[in-house]
Amino acid sequence: MLLGKFTLNPGVSFHNYSMNNSQLGTDFKNSFTRVLPDFFALWQIKKSQSLTYNFSFQNNFTDINQLVMGTLLRSYSSLFRGNRELENSLSQVHSLRYFKYNMFNFENIFANATYTRQVDAIKSRAIFNGINQISTPYNSNFADETFSAMGQYGRSFLKYYKASFNASFSWNKFYN
């Protein structure tokens, strides 16, 4: 949808998932339906200046090796046991981007910020039995969050000189 200097693109996708896991003579079935919205917005301030916002939900599924019920030898005194009842995790991502370019003085300004929140993330739990370690995956009850931002400013002056400045920031909140 175009509204003057704005471009808006809302969306939604419908997903139906079904999993049948047969191992060691027993079955485990998991079926669910999920509605995943997304949104894109662009503000074209000028031809060489824009502000963009993106939002999306994403399903993240584990590797098939995490679902194996048997015990695997990974290295000396390190074993791995899968968990066939693992569920998918759900990520929510927001990103904001600003861009400006001036051809008259070759000035560049760029900034980006991203926030991610992941629910039901798949973590690994270690169980110690003497000198042996058995690791097994599980769905965490706590949400992991990440925020990162970066900015860059650059400008040319005189004929052969250019100066630039970069800054970045990152914040993470993980539950292990």
Side-chain angles (χ1 to χ4, degrees), residues 1-23 26-45 49-70 72 74 78 80-101 108-127 134-152 166-176:
M1 177 177 1
L2 296 172
L3 299 169
K5 293 184 176 189
F6 293 94
T7 303
L8 304 174
N9 188 3
V12 64
S13 57
F14 298 93
H15 299 267
N16 186 19
Y17 298 97
S18 180
M19 180 181 76
N20 186 9
N21 188 332
S22 298
Q23 294 183 59
T26 60
D27 290 336
F28 175 75
K29 295 181 181 184
N30 186 11
S31 298
F32 63 95
T33 301
R34 177 114 344 125
V35 177
L36 300 173
D38 59 77
F39 182 74
F40 171 82
L42 171 67
W43 179 21
Q44 194 70 44
I45 302 165
Q49 185 179 13
S50 64
L51 183 66
T52 306
Y53 172 72
N54 260 319
F55 164 75
S56 66
F57 272 103
Q58 300 170 349
N59 272 325
N60 303 311
F61 292 93
T62 186
D63 183 1
I64 190 72
N65 294 322
Q66 303 271 334
L67 302 172
V68 175
M69 286 300 295
L72 305 172
R74 287 203 168 159
S78 179
F80 176 81
R81 183 177 300 136
N83 178 359
R84 72 176 183 183
E85 295 179 6
L86 286 176
E87 297 179 2
N88 68 303
S89 65
L90 184 65
S91 294
Q92 181 184 91
V93 181
H94 298 267
S95 68
L96 185 64
R97 183 179 79 95
Y98 175 77
F99 175 75
K100 180 181 178 185
Y101 180 72
N108 267 326
I109 301 172
F110 177 77
N112 186 34
T114 303
Y115 171 76
T116 304
R117 183 172 192 266
Q118 188 171 14
V119 179
D120 291 331
I122 296 172
K123 306 291 180 130
S124 185
R125 174 182 297 134
I127 300 167
I134 301 173
S135 62
T136 184
Y138 71 100
N139 288 99
S140 175
N141 293 330
F142 303 105
D144 292 338
E145 297 176 87
T146 302
F147 176 77
S148 62
M150 64 86 59
Q152 178 179 14
N166 297 318
S168 63
F169 172 79
S170 181
W171 173 81
N172 299 305
K173 181 175 158 184
F174 293 115
Y175 289 97
N176 289 322

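Hydrogens, waters and symmetry mates are skipped; everything else that's a heavy atom, side chains included, is used. In this chain, residues are counted from 1 in sequence order.
More than 12 heavy atoms of other residues, nucleotides or ligands shown are found within 6.0 angstrom of CZ on Phe40.
Rounding to the nearest 0.5 angstrom, the gap separating the CD atom in Gln58 from the CD atom in Gln92 is 11.0 Å. His94 NE2 to Thr116 OG1: the interatomic distance, rounded to the nearest 0.5 Å, is 9.0 Å. Atom CG of Leu86 sits about 5.5 Å away from atom OG1 of Thr62, to the nearest 0.5 Å. Expressed to the nearest 0.5 Å, how far OG1 of Thr146 lies from NZ of Lys173 amounts to 11.0 Å.
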Q: Kindly determine whether Phe99 and Gln49 satisfy side chain to side chain contact (heavy atoms under 4.5 Å, CB included), including the steps that lead there.
A: CA-CA 5 Å; Phe99 175 75; Gln49 185 179 13; over 6 Å; no

Q. When you look at Thr52 and Leu96, which way does the side chain to side chain contact (heavy atoms under 4.5 Å, CB included) test go after all the steps?
A. CA-CA 6 Å; Thr52 306; Leu96 185 64; over 6 Å; no

Q: List the steps and the verdict of side chain to side chain contact (heavy atoms under 4.5 Å, CB included) for Asn20 and Asp27.
A: CA-CA 7 Å; Asn20 186 9; Asp27 290 336; 4.3 Å; yes

Q.
The test is side chain to side chain contact (heavy atoms under 4.5 Å, CB included); show your working for Gln66 and Phe80 and say whether it passes.
A. CA-CA 9 Å; Gln66 303 271 334; Phe80 176 81; 4.0 Å; yes

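Taking every heavy atom of both residues into account, Asn88 and Phe32 meet most closely at OD1-CZ, 3.3 Å. Of all non-hydrogen atoms in Asp120 and Ser89, the two that sit nearest each other are O-CB, 3.2 Å. The two residues Ser124 and Ser135 come nearest to each other via the heavy atoms OG-CB, 3.7 Å. For Gly82 against Met69, the heavy-atom pair with the smallest separation is O-SD, 4.3 Å. Residues Leu67 and Gln23 approach most closely at O-NE2, 2.9 Å, considering heavy atoms.
Between the Asn139 side chain and the Glu87 main chain, a donor and an acceptor come within less than 3.5 Å of each other. Under a 3.5 Å cut-off, the side chain of Asn60 and the backbone N or O of Leu90 do not form any donor-acceptor pair. Remark: the backbone N or O of Asn166 is not paired with any side-chain donor or acceptor of Gln152 at under 3.5 angstrom. No donor-acceptor pair under 3.5 Å is formed between the side chain of Glu85 and the backbone N or O of Tyr138. Of the possible polar contacts, one joining the Lys123 side chain to the Tyr175 backbone as a donor-acceptor pair under 3.5 Å is found. Looking only at distances, a side-chain donor or acceptor of Lys5 sits under 3.5 Å from a matching main-chain atom of Ile45. The main-chain N or O of Ile122 is never found under 3.5 Å from a side-chain atom of Ser140 such that the two would form a donor-acceptor pair.
A side-chain donor-acceptor contact under 3.5 Å links Ser18 and Ser31.
Under the 4.5 Å side-chain criterion, counting only non-hydrogen atoms from C-beta, Leu36 is not in contact with Ser56. A heavy-atom distance below 4.5 Å is not found between the side chains of Gln44 and Phe6. Side-chain contact between Asp144 and Arg117: absent, with no pair of heavy atoms (C-beta onward) separated by less than 4.5 Å. Within the 4.5 Å cutoff, the side chain of Asn59 has heavy atoms near those of the Tyr17 side chain.
Annotation: cation-pi geometry not satisfied between Arg84 and Phe28 (NZ/CZ under 6.0 angstrom from ring centroid, within 45° of ring axis).
Relative ring orientation between Phe57 and Phe55 is described as perpendicular, the plane-to-plane angle rising above 60° on a 0-90° scale split at 30° and 60°. Between Phe147 and Phe169, the two ring planes are tilted [angle within 30° to 60°].
Taking the six-membered ring wherever Trp is involved, the centroid distance between the rings of Phe142 and Phe174 does not fall below 6.0 Å.
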